[in-house]
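Here the structure comes first, spelled out in structure tokens, and everything after it is commentary.
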2 protein chains.
Amino acid sequence: MVGVSLRPAVTMAQRKRQLVSDELTEAALQLMAREGFDAVTVDAIAAAAGVSKRTFFRYFASKEDVVVRFLADMGAGMHAELAARPAAEPPSTALRHAVWVAMAACADGAEHSGRALRVVQLILRTPALRARFLEHQAQWRDDLAVETARRRGLDPETDLYPRLAAGAALVAFDTVLRRWSDSDGAEDPAALTDRAFALLAPALDAG
Amino acid sequence: MVGVSLRPAVTMAQRKRQLVSDELTEAALQLMAREGFDAVTVDAIAAAAGVSKRTFFRYFASKEDVVVRFLADMGAGMHAELAARPAAEPPSTALRHAVWVAMAACADGAEHSGRALRVVQLILRTPALRARFLEHQAQWRDDLAVETARRRGLDPETDLYPRLAAGAALVAFDTVLRRWSDSDGAEDPAALTDRAFALLAPALDAG
DNA sequence: AGCTTCTTGACACCTGGTGCCATCAACGAC
DNA sequence: GTCGTTGATGGCACCAGGTGTCAAGAAGCT
């Protein structure tokens, strides 16, 4: 065994923090998968993780948050991918790649654990969680809209195109995600995404 | 004045029920417009309407409900309009008319009172209300999707088109509504709706 | 008048969520 | 090794949304 560094990059407290966060998440997902989101109280989650209710809320802003955290990065990933696509690329292609970043995050996580699939199904089937998910989507849409406007040199305040294009892309994402969830992961996300964007392309690339 | 019928179509209790509901709604909107959604407690609304908190929850399922009720009919209206459009009409036209039913409900209410506009602005600017609004939209999307599938003779379980088309129509609705709200009702909803559907038509009518 | 039905207010209760404070372990300086 | 600081924790009181229950009262019917 090699020795640990004298001045560890991550301190003891930071590692413990990560540990507690993981245990809380694990406990929450396990309980919710078994009894449903509403039937599981925060007290029960905290107890299962061996901490107090008060501590739970120091890690997660709400009971929904512990589930919806999984989606946090997807928005940033999509936005970054869109910004990185070549400017000459047609909008339908650029947006398809952006959406695929988010879908791939789900599909990859599902490959080796099925965890992502279960989380997505939990979200889509629980009204409170679906509402949070839709709020995230609305935010992503704003972000994709400003980026699309920038790419096309349009003014998002006067042109309808940026918001419509971003919205259409997220409708594709939502539709594909739902199909993937309803089929228990059987359908191929990549193929579904391609089909969805093929249908939307005439509008995205017009003008 | 003509006499009232001996066996009134609406009983005393029913009229009082409507009265209490109206007073609750009025009190809620007035307080929320002044102090914001979160700052107004259900107790305060009930007190302003002269009833108890318990009674409030006998009329509305939640604090959000008292505001979002305004949107309840729009979904049914859109669905009915879509079902009533001639079968030969291109999808973009049929969906545009369906969406216009919902937009018109907002625009008309705004003409003579400005009430609809204020409610829409309150909804779009309050996260909790916007989430509920998005949930309604998700439901409308399901309804429009099955109706679109029926019109085109498609299977909503295998074809992506119905859900994508319905989603695109609602993206148009959402975009127009937001523009209308952000401009304080200055922009013409009808013109915006036409522009939005003109952009989406190439995808909606393809194939 | 007497009976039924609907509505209401009051009360207790559960749960999500926050502010506050005392406590204890980890870390650094001497 | 000791001391002070920092950060995480737990417990507690508290607020607000929401529900079950029950007794009381008004409206309507016979």
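- With contacts defined as side-chain heavy-atom distances shorter than 4.5 Å, the pair B:Met78/B:Asp143 does not qualify.
- Atom CZ in A:Phe37 sits roughly 8 Å away from atom P in C:dG16 (whole-Å rounding).
- Between the CG atom in A:Leu129 and the CE atom in A:Met32 there is a gap of 7.0 Å [rounded to 0.5 Å].
- Between the P atom of C:dG16 and the CG atom of B:Asp38 lies a distance of 19 Å, rounded to the nearest Å.
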For nucleotides 11-15 of chain C, give me every protein contact, N/O to N/O, under 3.5 Å, one pair per line with atom names.
none

Identify all pairs in which a protein N or O lies below 3.5 Å from an N or O of nucleotides 3-6 of chain C, and state each distance.
none

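- Between A:Thr55 and D:dG10 there is a side-chain N or O to OP1 or OP2 distance below 4.0 Å.
- A salt bridge does not link B:Glu147 to B:Arg151: none of the charged side-chain nitrogens sits closer than 4.0 Å to a carboxylate oxygen.
- With rounding to whole Å, A:Phe57 atom CZ is found 18 Å from D:dC15 atom P.
- On a pure distance criterion of 3.5 Å, a polar donor-acceptor pair joins the side chain of A:Arg58 and the base of D:dG10.
- Within the 4.5 Å cutoff, the side chain of B:Arg195 has no heavy atoms near those of the B:Leu199 side chain.
- Across every non-hydrogen atom of A:Trp180 and A:Glu187, the tightest pair is CD1-O, 3.4 Å.
- If you check every strand for non-hydrogen atoms under 4.0 Å, B:Tyr59 touches sugar and phosphate atoms only.
- The CG atom of A:Leu164 sits 9.5 Å away from atom CZ of B:Phe197, with the distance rounded to the nearest 0.5 Å.
- The CZ atom of B:Arg141 sits 4.5 Å away from the OG1 atom of A:Thr175 when rounded to the nearest 0.5 Å.
- Atom C1' of nucleotide D:dA26 and atom CG of B:Leu19 are separated by 16 Å, given to the nearest angstrom.
- Taking atom CE of A:Met32 as the reference point, atom C1' of C:dG16 lies 12 Å away to the nearest angstrom.
- As rounded to whole Å, 18 Å separates atom C1' of D:dT19 from atom CZ of B:Phe60.
- Relative to the ring axis of B:Phe37, B:Arg125 does not place its NZ or CZ within 45° and under 6.0 Å from the centre.
- If you measure from atom CG of B:Asp65 to atom C1' of D:dG18, you get 13 Å, rounded to the nearest angstrom.
- Between the CZ atom of A:Phe56 and the P atom of C:dG19 there is a distance of 17 Å, given to the nearest Å.
- A side chain to side chain contact (heavy atoms under 4.5 Å, CB included) with B:Phe70 holds for exactly one of B:Leu122, B:Leu29, B:Ile123; it is B:Leu29.
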